[in-house]
Visitor: 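Take this structure, written in structure tokens, and hold onto it; I'll ask about it next.
The analysis underlying the following values was restricted to heavy atoms, covering all of them including side chains, and did not include hydrogens, waters or symmetry mates. Naming: A, B, ... by sequence-line order, numbering from 1 per chain.
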Number of protein chains: 2
Amino acid sequence: MILQEGFVCKHYTFVEKGCFKMYGIDEKGTEHNLGFAAENDWVADLGSFYSGKPSKLFIEAIEPSTILQIEHQDLLYLYVNSPKFDRNFRVIVEEKFIELQNRLLQNFSSNAEQRYLDFLAQYAALASRLPNTQIASYLGITPEFLSKIRKNISLK
Amino acid sequence: MILQEGFVCKHYTFVEKGCFKMYGIDEKGTEHNLGFAAENDWVADLGSFYSGKPSKLFIEAIEPSTILQIEHQDLLYLYVNSPKFDRNFRVIVEEKFIELQNRLLQNFSSNAEQRYLDFLAQYAALASRLPNTQIASYLGITPEFLSKIRKNISLK
DNA sequence: AGCTACATTAAGACTATTTCTTAAGCTTGT
DNA sequence: ACAAGCTTAAGAAATAGTCTTAATGTAGCT
């Protein structure tokens, strides 16, 4: 667990090996996965990281993992002293932004079955290493319903 | 209309005055607003802009507007020749990413009424100048249902 | 002023999607 | 071998949101 609700996100984390989930918990106690971060991916609650305010999110390993972390002040130092870091982190967040936007559009336009198929198509490697409970949380449905969807797909 | 589905997003657009909506159209023909861009905001389909692939989105004025636009190649030139642009556009997209992430979490965690209240709280100025049809599309509901929600809120 | 187009409200019937519940069987790590 | 959690199952139930129709309101255009 590298970030808990109520704490400030102190680090931008690079995943060298393993896999993390970032999620929020709603008032009913249900977890909602905002995303996963596996090898060579970055993860942080940017809102909390840059503002210094307490996070509403959790970031937690779902596999044994090794990571590299940079603190806020050190990253700022790099930003100021070496423009390449602005460049690289711009590109990283742009890519994540594009992903997130596609996902939001999918959420509006499709039911859970289609979203599951889209997820499988887009993140095949990730899907095969994640338990269905985590995928269900990502899709915004219960594990039981995901099971129904899977059955339904297999019948086609 | 500064971007249509099927065309490449050639410009990063700065809104000097007025207001734009960015939206997709699903297979039923329903519009889904991904976001709005008013004064001093930037808008583009970044996926299409950076990849050069046809967009699936529309960007359209909903008020008489004046804009400034920069083309892909010119922005690249600025990125390469002046590190400040990497910096500034990193910050711009980071802010948008944070917004989008909050919104996705809200979509998972709340029903349409709560999302509407959240939208009003967060974008009060924007909400007052948008027709409810556009807000409904942003919330992912029909205008009729938004009307019910508004009535319901006023009864409390 | 008047017209047109569109936005808003209304309200009831309807329904698709998804949850809830309970339970049994299956995996996997220790 | 055991415990814990994951997966499938399946029917009942809930609910949020849509659809439909229609009347009313509003704002720009000529």
Side-chain angles (χ1 to χ4, degrees), chain A residues 1 18-19 21 23 25-33 36 58 60-65 104-120 126-156, chain B residues 1 18-19 21 23 25-33 36 60-65 103-120 126-156:
Chain A
M1 178 92 68
C19 189
K21 60 177 173 177
Y23 61 96
I25 296 188
D26 68 21
E27 72 288 340
K28 290 180 187 161
T30 309
E31 289 185 11
H32 299 283
N33 281 341
F36 304 104
F58 299 79
E60 189 181 342
I62 51 183
E63 293 178 9
S65 304
L104 190 63
L105 195 58
Q106 262 174 21
N107 267 267
F108 279 141
S109 311
S110 320
N111 63 12
E113 177 168 333
Q114 191 54 51
R115 296 204 305 275
Y116 177 58
L117 290 171
D118 290 346
F119 175 74
L120 289 185
L126 201 53
S128 66
R129 67 199 268 194
L130 292 172
N132 286 335
T133 44
Q134 295 308 324
I135 296 176
S137 168
Y138 177 92
L139 297 173
I141 60 176
T142 58
E144 293 88 347
F145 186 49
L146 177 54
S147 176
K148 277 189 194 178
I149 288 172
R150 287 160 57 84
K151 184 185 181 185
N152 194 34
I153 290 170
S154 72
L155 291 177
K156 285 180 183 171
Chain B
M1 178 92 69
C19 189
K21 60 177 174 176
Y23 61 96
I25 297 187
D26 68 20
E27 71 289 341
K28 290 180 189 161
T30 308
E31 290 185 12
H32 299 284
N33 282 342
F36 303 104
E60 189 181 339
I62 51 183
E63 293 178 9
S65 304
R103 186 171 165 203
L104 190 64
L105 194 58
Q106 262 175 20
N107 267 267
F108 279 142
S109 311
S110 320
N111 62 15
E113 177 168 334
Q114 192 54 52
R115 296 204 307 275
Y116 177 59
L117 290 171
D118 290 346
F119 176 75
L120 288 185
L126 201 53
S128 66
R129 68 199 267 195
L130 291 172
N132 286 335
T133 45
Q134 296 307 324
I135 296 175
S137 167
Y138 177 92
L139 297 173
I141 59 176
T142 57
E144 292 89 347
F145 188 49
L146 177 55
S147 176
K148 277 187 193 178
I149 289 173
R150 287 161 56 85
K151 184 184 180 187
N152 194 35
I153 291 170
S154 72
L155 292 178
K156 284 180 183 171

Visitor: Below 30° counts as parallel, above 60° as perpendicular, anything between as tilted: where do the rings of B:Tyr138 and B:Phe36 land?
Guide: parallel
Visitor: If you only use heavy atoms from C-beta on, which nucleotide in C:dT19, D:dT7, C:dT21 is closest to the side chain of A:Glu144?
Guide: C:dT21
Visitor: In whole angstrom, give the distance that lies between atom CD1 of B:Ile135 and atom C1' of C:dA7.
Guide: 12 Å
Visitor: From CD1 of B:Ile149 over to C1' of D:dT15, roughly how many Å is that when rounded to an integer?
Guide: 13 Å
Visitor: Measuring from the side chain of A:Lys148 (C-beta onward, heavy atoms only), which nucleotide among C:dC20, D:dT8, D:dA16 has the closest atom?
Guide: C:dC20
Visitor: Considering only C:dT8, C:dT18, D:dG17, which nucleotide approaches the side chain of B:Ala112 most closely?
Guide: D:dG17
Visitor: Quick check for you: among D:dT18, D:dT7, C:dC20, whose closest atom lies nearest to any side-chain atom of A:Asn132?
Guide: D:dT7
Visitor: Has A:Ser137 got a side-chain atom pairing as donor or acceptor with A:Glu31's backbone, closer than 3.5 angstrom?
Guide: yes
Visitor: Hey, is the main chain of A:Ser110 close enough, under 3.5 Å, to the side chain of A:Arg115 for a donor-acceptor pair?
Guide: yes
Visitor: What is the separation between atom CG on B:Leu155 and atom C1' on C:dT9, rounded to the nearest whole Å?
Guide: 12 Å
Visitor: Give A:Ser147 one of three labels, base, sugar-phosphate or nothing, depending on what nucleic acid heavy atoms sit under 4.0 Å from its own.
Guide: base
Visitor: In whole Å, what is the span from the CZ atom of B:Arg129 to the C1' atom of C:dA7?
Guide: 18 Å
Visitor: Could you tell me whether the side chain of B:Lys151 has a donor or acceptor atom within less than 3.5 Å of a complementary atom in the base of C:dT8?
Guide: no
Visitor: Give the rounded distance in Å between these two atoms: CG of B:Asn111 and C1' of C:dT19.
Guide: 15 Å
Visitor: How long is the line joining CG of B:Leu146 and P of D:dA16, in whole Å?
Guide: 16 Å
Visitor: OP1, OP2 of C:dT19 versus side-chain N and O of A:Thr142: anything below 4.0 Å?
Guide: yes
Visitor: Calculate the interatomic distance between B:Asn107 atom CG and C:dT17 atom C1'; express it in whole Å.
Guide: 16 Å
Visitor: Going from CG on B:Leu130 to CD1 on B:Ile62, what distance comes out if it is rounded to the nearest 0.5 angstrom?
Guide: 5.0 Å
Visitor: In whole Å, I'd like the distance from the CZ atom of B:Phe145 to the C1' atom of C:dA10.
Guide: 14 Å
Visitor: Regarding A:Tyr23 and A:Glu60, do their side chains bring together a donor and an acceptor under 3.5 Å, going by distance alone?
Guide: yes
Visitor: Does A:Lys28 contact C:dT19 through a side-chain donor or acceptor facing the base, at a distance under 3.5 Å?
Guide: no
Visitor: So, does A:Arg150 get its side chain near the phosphate of D:dT7, meaning an N or O under 4.0 Å from OP1 or OP2?
Guide: no
